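Fair warning: this is a prediction, and the values are worked out from it, not measured in the lab. Counting convention: from 1, in listed order, for ligands and their atoms alike.
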Amino acid sequence: MKHYTKEDIVRIVNEEDIEFIRLQFSDIFGQMKNVAVTRSQIEKVLNNKIMIDGSSIEGFTRIHESDQYLRPDLNTFAILPWQPAMHKTARLICDVYNPDGTPFVGDPRYVLKRTLKRAEELGYTFNVGPEMEFFLFEADDKGLPTSRTADAAGYFDMAPIDHGGNVRREICLMLEEMGFEIEASHHEVAEGQHEIDFKYEEALTAADNILTFRMAVKTISQNYGLHATFMPKPVFGINGSGMHVNMSLFRDGKNIFFDPNGTKQLSGEAYSFIAGVLAHVRGMAAITNPLVNSYKRLVPGYEAPCYLAWSASNRSALIRIPAARGSSTRVELRCPDPACNPYLAIAVCLAAGLDGIERGMTPPAEITENIYLMTEAERKAHGIDSLPGNLLEAVECLSADPLIVNTLGEHVFTHYTEGKRREWDEYRTRVTDWELKKYMIVY
Ligand code: GLU
Ligand code: MG
């Protein structure tokens, strides 16, 4: 991460001849919002004087208390490489503040910052590395998505079967220009599905990066006549898109999940962190898997988890411990999907893991068999519970988990769950094609 002062930013804006500055922030569902100003406003921007009307932002404030201020995080300054060179544009990610100078409790970035503060008080730095999967569909002449994926390739395939190679390369190069370190980029298992992994960062930067990544992928794909989607399960019958989250805690520059003498070279804290996540993951699901569609991915047989278990290698488990040890020791949570609000998702993961550590929890035994192939009775015998089966169940599990509710805070919890209950109602009252095919003739 870069460290910029106000003077640095004024200097770069002049030197690089930047014309526009986009001030970005996130609504409670993780949609990036922005207001653009011209360079003439730079002093106002840097003195936290840019105002927004919060009443028009999903989950923000009510009409009578709508003025809010954007405070840019100077270290997020970056030039947007896909904007035309003749009208150079930079962005700053912002925190949202009330007129009285207090942070706005409905700002998801603040929810994460507040949770990170708790970790910091315990001496921990939280590092997060997401694995972003997405689909590319061909766009029609109006730029709208079709149901045609751009290729028929599979895992690690390459051109000419993989038609996404060029766009992936451009995404990687542009993100590198913005300061990302790209670790891998490849075709995923399903046709039209891709994955790009960037290096882990401290949690706040990782969440900012996820938002930037989604914007970059969508924008650059458009230039290739493609529509990129982070919808978790766009096509029935093939793999969906996950956002596996790799997590580790550091203290004094050392990865505390690593213990050369521990079972599987994992420390007591690592096991307690796993136990904490397993204990709260049902309550976290409405955040990590936020859409009606998210639960169509979490079904057996498509490399996405549905059962609550951990394993050192088994990809059917919810939590996997990748083989790397030493400073790369990490816990991989496999349920989150790329449609989530990354600030809230990372906050609830951390809160759950810390709860496990603070309470000294112990996880159940490792499951090495393929859980998809177990019968319900076998799963019961192993004490393996399931993730919520749909968004409504997930919202109910969230409401029943005080740790997760407190992590979100009253404002975000209330607005988030109200929104998700509305989404569920919209869905459950629709008559689908599947119902028509199944029932129309027979009944
Ligand atoms: N696409 C799978 C998922 O939904 C994951 C495949 C993989 O292991 O990378 O989580
Ligand atoms: Mg993958």
query = Only one of Glu188, Gln193, Glu133 forms a side chain to side chain donor-acceptor pair (under 3.5 Å) with Ser241, so which one is it?
reply = Gln193
inquiry  = For Asp252, I'd like to know if atom CG has over 12 heavy atoms of other residues, nucleotides or ligands within 6.0 Å.
reply    = no
task = Output yes when Asp355 and Arg359 qualify as a salt bridge under the 4.0 Å nitrogen-oxygen rule, no when they do not.
result = yes
Gap between atom CG of Leu398 and atom OG1 of Thr417 - 0.5 Å precision = 6.5 Å
message = Counting only heavy atoms not in Tyr427 (residues, nucleotides, ligands), do more than 12 fall under 6.0 Å from its OH?
response = no
ask   = Purely on distance, is any nitrogen or oxygen of Gly240 under 3.5 Å from one on ligand 1?
value = yes
ask   = Hey, are Arg334 and Glu303 close enough for a salt bridge, meaning a charged N less than 4.0 Å from a carboxylate O?
value = no
Salt-bridge criterion met for Glu183 and Lys199 (N-O under 4.0 Å) = no
ask   = For ligand 1, is there an N or O atom under 3.5 Å from any N or O atom of Glu131?
value = no
ask   = Tell me, which protein residue and heavy-atom name are nearest atom 1 (N) of ligand 1, and how many Å apart are they?
value = Glu133 OE1, 2.7 Å
task = Using 2.8 Å as the cut-off, note every protein N, O or S atom close to the Mg ion (ligand 2).
result = Glu133 OE2, Glu188 OE2, Glu195 OE1
key: Option whose closest heavy atom lies nearest to atom 4 (O) of ligand 1, chosen from Arg334, Arg297, Arg320   = Arg297
inquiry  = I'd like to know if the side chain of Arg214 and the backbone of Pro338 have a donor-acceptor N/O pair within less than 3.5 Å.
reply    = yes
message = Only heavy atoms of His244, strictly under 4.0 Å: list the atoms of ligand 1 that pass.
response = 3 (C), 5 (C), 7 (C), 8 (O), 9 (O), 10 (O)
ask   = Of His186, Glu188, Glu332, which has the heavy atom at the shortest distance from atom 9 (O) of ligand 1?
value = Glu188
inquiry  = If the threshold is 4.0 Å, N to carboxylate O, is there a salt bridge linking Glu423 and Lys420?
reply    = yes
